[in-house]
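A quick write-up on the structure given underneath.
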Amino acid sequence: MISAEPVSARLIEGLKRLEYRGYDSAGIATLEAGRIQRRRAPGKIAALEKLHKRKPLAGQTGIGHTRWATHGGPTKANAHPHATKNVAIVHNGIIENHRALREELAACGAHFESETDSEVIAHLITAELEADPVPARAFAAAIARLEGAFAIVAMIAEAPGLLLVARQGSPLAIALKGDEAFVGSDAIALEGLADQIIYLEDGDVGLVEPGHAQILDRDGALVSRSEQPLFCQGSVSKAGHAHYMLKEILEQPATTERTIAQYIDDKGNKIQMPDLDGVDIGADRAIIIGCGTAHYAGRIGEYWLEGIAGIAVETDIASEFHYRKAPNPTGGFGIFVSQSGETADTLAALKHAQGQGLKSLAIVNVPESTIWRTADARLPTQAGPEIGVASTKAFTAQLCALACLTVAAARKRKRLSSQEETRLVTALKEMPARLSEAISASSDLDAIAEDLATTRSVLFLGRGPYYPLALEAALKFKEITYIHAEAYAAGELKHGPIALIDKDMRIVVIAPHDQLFEKTLSNMQEVAARGGRIILISDAAGCAAAKDVAHHSIALPACDPFTAPIVYAAPAQMLAYLTACSLGVDVDQPRNLAKSVTVE
Ligand code: G6P
């Protein structure tokens, strides 16, 4: 940040907006009378803020960072900014050739303070400045030697009022207003500071001064990157709830309704897709790629697209898909699912697929994010800002987008009569009301959660689309309770995991009373016969049929089988949430996690 006013307080405010990217440690550096001064603290940004209150920093040029540890633990020494006497930097990404550079620089006398890969950048710029004192040239020469992914902002002691920036694979944006200049690793950090934003492209290196930026592309040519209005996600608050996660779970009837509404035509009985820019959703084959919760949404979408639209679908985790050399589905299309639109693995997989000629559609929550801008076409979700690290409302919104896509694809592939489409659209329109009932379905949830909090391991089971839902439920549970949880397809139980069942094991079964219920009931009997304690999430008919084997039952309203997986997500989220609360875990920022992971 460059201003005529001191910048440190606004730097810390900006870091708070970026805390979803990491909260292991944080720091800021400013230029005070030609000297680099730093404040860094392990822990959350509140720790840095406290330190800064005691020992404030002056200075009108400054940089800041909140870290998610990759190389080196979350200590003060490893916290950014990293600095030499005359250069301070902040870095997102991973410098893959950092070992070789470190050895080379250390041999020339550089003294390293941290275990990070990032620190080499500061030393490299210092070394280049010795060879060529012009900051922009020295910076570009240093950047040219880096391999890996990075978004870098550097500040030079002798050059107040100047920030040097570079982007390769990790997002970075510039905003200019009056005689101030701001750089952020995404738009949300810059909200409230400016109205326009400039996104850098991969390979760009830039020089930022008050009210002015000069950008060179990877060939060194001066380029103009267009200014766009800064999309405001708006102010975020817990609205009186104990946690963002709870607020976000409760918001789902509204967020799913909003997401569906944008895909329903004016008459209200047909699905209408936006312009898909050449992505043929009538194709025979598709792949669905994402990470974490977004991947599980995709796996539920697979059941819909195969079962309703007759499209042969393959789903994969982005990091595996990227490197496993799978041939692209000829004539097919790709669906890339991401809440943030910035997940490095998903972005890399998307670029890889595009490189092979696959037309791709992004299901993304954050407009103008990198995946949003990179994909050929996009289906927005309307979850609004999701702050809790454990994804809830983004997941159900992703399911809504996938469900609407399924109906549109099925129609295009002539798999759906007009009547059938009307039934599916009606189910979609009614789903938010069912979801609302499901959220408040069981008054026993607190007692069930208290019991779950005493266990060391929980198994989640489901069949059909409830299998990926069980995977998502187990992910939600383990990430915020720190209790081991895993999910299996119910039919797979007998092939191994049944060995784990004893009287201490809790088994959460997600199974509405559908055509597969009897088979799942047999699996429940196998569990009960071995003393396992079952918590069944079903409807009234399912709960009645399993009353002799389930220790606890959560009865959800009857709903259309098409949209039921969306409705059944809610109690699974609530169980994870309430168990974490009863254990006293920091639900919104559980240990070791980051909401958006921009390294591969
Ligand atoms: C991180 C988050 C998960 C999320 C995943 C994918 O691991 O902790 O909650 O599901 O990234 O994020 P995306 O923004 O691409 O949906």
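Side-chain atoms are counted along with the backbone in the values below, which use heavy atoms only and exclude waters and symmetry mates. Both counts, for ligands and for their atoms, begin at 1 and track the order of listing.
Counting heavy atoms under 4.0 Å from ligand 1, residue Thr293 touches it through both backbone and side chain. Residue contacts with ligand 1, taken as heavy atom pairs separated by less than 4.0 Å, involve Lys595 solely via the backbone atoms N, CA, C and O. At a heavy-atom distance under 4.0 Å, no atom of Ala394 approaches ligand 1.
In this structure, Cys291 counts as a contact residue of ligand 1, since one of its heavy atoms falls inside 4.0 Å of the ligand. Using a 4.0 Å heavy-atom cutoff, Val389 is listed among the residues neighbouring ligand 1.
Residue-to-ligand polar distances keep Thr346 apart from ligand 1: every N/O pair is separated by 3.5 Å or more. Looking at ligand 1, you'll find an N or O of Ala594 within less than 3.5 Å of one of its N or O atoms. Considering backbone and side-chain atoms together, Ser596 places no N or O closer than 3.5 Å to any N or O of ligand 1.
Side chain to side chain, Thr396 and Gln252 meet the donor-acceptor criterion of an N or O pair below 3.5 Å. Using modelled atom types, one finds a donor on one side chain and an acceptor on the other under 3.5 Å when comparing Thr293 with Glu472. Side-chain contact annotation: Thr315 with Glu302, donor-acceptor N/O pair under 3.5 Å present.
Asp202 and Arg167 are joined by a salt bridge, as a carboxylate oxygen and a charged side-chain nitrogen come within less than 4.0 angstrom of each other. Ion pairing between a basic and an acidic side chain is recognised when a charged N comes within 4.0 Å of a carboxylate O; Glu248 and Lys595 show no such pairing.
Looking from atom 12 (O) of ligand 1 to the surrounding protein, the closest heavy atom is Thr343 OG1, 3.3 Å.
The atoms of ligand 1 that sit less than 4.0 Å from any heavy atom of Gln339 are 13 (P), 14 (O), 15 (O), 16 (O).
Side-chain atoms of Tyr23 come within 3.5 Å of backbone N or O of Leu593 as a donor-acceptor pair. Put simply, the side chain of Tyr482 gets close to the backbone of Arg591: a donor and an acceptor are under 3.5 Å apart.
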